[in-house]
Number of protein chains: 2
Amino acid sequence: MSKSALHRGVGVALWRQIGDEIRRGIGNGLADESGRLPPEAELAARFGVNRHTVRAAIAALVHEGVLRSEQGRGTYVRRQKRLTYPIGARTRFSAGLEGQVRDRQIELLDHAREPANATVAAALGLEPAEEVIRLEMRGLADGVPVSRSTAWFRAAHFPDIADYFARTHSITRALALSGIRDYRRASTTIEARHADDTDTRDLRLSPGAIVLVARGINVDGSDKPIQYSQTRFSADRVELTVSAD
Amino acid sequence: MSKSALHRGVGVALWRQIGDEIRRGIGNGLADESGRLPPEAELAARFGVNRHTVRAAIAALVHEGVLRSEQGRGTYVRRQKRLTYPIGARTRFSAGLEGQVRDRQIELLDHAREPANATVAAALGLEPAEEVIRLEMRGLADGVPVSRSTAWFRAAHFPDIADYFARTHSITRALALSGIRDYRRASTTIEARHADDTDTRDLRLSPGAIVLVARGINVDGSDKPIQYSQTRFSADRVELTVSAD
DNA sequence: TCTAGTTGTCTAGATCAATAGACAAATTGA
DNA sequence: TCAATTTGTCTATTGATCTAGACAACTAGA
């Protein structure tokens, strides 16, 4: 039994402690089979706080995408299971979530034309400081941010990639408009770290959350690098599977 | 470089985040050779907060026993190194800190005569529910709590152990007054867990801190168990060394 | 349709957290 | 002794957090 009373006056707000406790409690018997949480009043009694304090905790988890509240019905766990992203040669950024979510979408947050830094130049096989197009994107599944990625393309070869992406909301289709009929993932490296400020903002994470970072290079039919990208996933919401393929 | 900006509006007070940051920074170049921290004004500038906020963080660490502030001089790290507790056959509760601290002391917080629970009865080789004396103690090093222990003795054999301990402030001397000339540590098991409410209160820890738990049985000259004890150490302040001895 | 159960919203007050500024008190080195 | 540096204390203000109570809005089942 985990002795998990709340601590007052220690610089951590009660609603955050309760939120963490609820997040931990999910998948540990707090919600019933249907994913329904106990009513707010009961949670308030259980934690020994006011109902409004529990509501603040739930609101934070709703904002994080962990819970979903329905007036008159109750509060439900949004997804009992994590999304599974396949990683393989045929990995397409937006694909691979078939059947796991009702709605998925990629937003273009920002784009720029700029000189490549050393890492990007090396990955794409460019001259130092050659110009690249950088796209900042965010992937949403059923309205919840699950991924945040940055992709670099050689500016000389893909001058209009940002426009194409903005129109099609798809890397595959944007590349097709640029004349790339097919491409494959040459390499992917995966690491995990704590969320930084950008992650907590864009993925709506709480500080201290863990992100998975996947760095990959896509190559065209003749194995020339066309895209270098770095994608951050919320480790709470996503798991990666590496397929041979 | 650890990207460790402060997070506002996430239910964790800035002073706590700063306190954690300082605690982490100690032994990582934040303090100079003499153990002196940068002045409050500089820390405030570095963290981008008001000086009072830094002061709240420092006050918490002073209360925890990590820092020591001196008006006009500066704020100093209390102990750069952790205390090392030897664990071995000849381990004496209060001993083993020779040379590491100026002043050490064991307080008797509470004592009771009560039936043994299953664990204690098994450890001491007693009949179920046979009466035992339980002592609740706290060890201080230079005024800072470093250990919190509970010890059980068979009531029939050591009826006055609490009195003796209160007089002598030493288990060894209290046992001597009870007629035990010598004893040795038959077994010790060590585990680590998060601090619970009792730990945070008695050892002045912050929630989420880690405690080392050492459970041991002391036996007399003819190998009969005379004492079962469970001691919690602040993992921040103490390390244990197991000696063959 | 009615009722019980549940989430959503509003008001109000108490306490905590953070900022701002000023000055006192102690220490150190010139 | 004097000036600079540093911690300690005080007042005041603003916003976040927590409590308390009341009632509206919605859902589901009798």
Side-chain angles (χ1 to χ4, degrees), chain A residues 5-22 26 30-78 200 206-207, chain B residues 5-22 30-78 206-207:
Chain A
L6 301 178
H7 305 274
R8 286 168 191 262
V10 294
V12 183
L14 292 181
W15 64 262
R16 165 140 299 285
Q17 298 182 53
I18 291 169
D20 293 344
E21 202 59 43
I22 291 175
I26 296 170
L30 182 61
D32 65 13
E33 323 76 45
S34 70
R36 186 173 187 271
L37 247 57
E40 295 170 353
E42 187 187 323
L43 288 172
R46 194 183 298 188
F47 287 114
V49 300
N50 192 274
R51 183 179 148 229
H52 292 293
T53 308
V54 169
R55 281 180 61 74
I58 289 175
L61 294 176
V62 167
H63 184 256
E64 268 184 49
V66 176
L67 299 179
R68 168 176 46 88
S69 289
E70 295 182 24
Q71 185 168 358
R73 294 192 66 214
T75 301
Y76 294 81
V77 179
R78 241 176 190 277
T200 55
S206 45
Chain B
L6 301 178
H7 305 276
R8 287 166 192 261
V10 294
V12 183
L14 292 182
W15 64 262
R16 165 139 299 285
Q17 298 182 52
I18 291 169
D20 294 344
E21 203 58 44
I22 291 175
L30 183 61
D32 65 14
E33 324 74 47
S34 69
R36 186 174 188 271
L37 248 57
E40 295 171 352
E42 188 186 324
L43 289 173
R46 194 183 300 188
F47 287 113
V49 300
N50 192 274
R51 182 179 150 228
H52 291 293
T53 307
V54 168
R55 282 181 60 75
I58 289 175
L61 294 175
V62 167
H63 184 256
E64 269 183 48
V66 176
L67 299 180
R68 169 176 43 89
S69 288
E70 294 180 26
Q71 184 168 357
R73 296 193 66 215
T75 301
Y76 294 82
V77 178
R78 242 175 187 279
S206 46

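Residue numbers start from 1 in every chain, and the chains themselves are labelled A, B, ... in the order their sequence lines are given, proteins ahead of strands.
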Salt bridge (charged side-chain N to carboxylate O under 4.0 Å, His left out) filter on A:Glu64, not counting sequence neighbours, yields A:Arg23
Between B:Leu43 and B:Pro38, the two heavy atoms sitting closest are CD1-O, 3.6 Å
5' to 3', nucleotides 7-18 of chain D under a 4.0 Å protein heavy-atom cut-off (B base, S sugar-phosphate only, - none) gives BBBB------SS
Rounded to whole Å, the CG-P distance (B:Asp32 to D:dT6) equals 12 Å
The reported gap from CD1 in B:Ile58 to OG1 in B:Thr75 (rounded to nearest 0.5 angstrom) is 4.5 Å
Flag side-chain contact, heavy atom, 4.5 Å: A:Ile26 against A:Leu67
yes
To the nearest 10 degrees, the angle between the two end axes of the helix from C:dT1-D:dA30 to C:dA30-D:dT1 (five pairs per end) comes to 20°
What one should report as the nearest heavy-atom pair of A:Ser69 and A:Val62 is OG-CG2, 4.1 Å
Next on the checklist: Using a 3.5 Å distance criterion without hydrogens, assess whether the side chain of B:Arg36 forms a donor-acceptor pair with backbone atoms of B:Arg73.
Outcome noted: yes
Tell me, do B:Gln17 and B:Glu21 make a side-chain contact under 4.5 Å, heavy atoms counted?
no
When rounded to whole Å, the CD to P distance for the pair B:Gln17 and C:dA17 reads 13 Å
In short, A:Phe47 meets A:Ile18 closest at the heavy-atom pair CE1-CG2, 3.7 Å
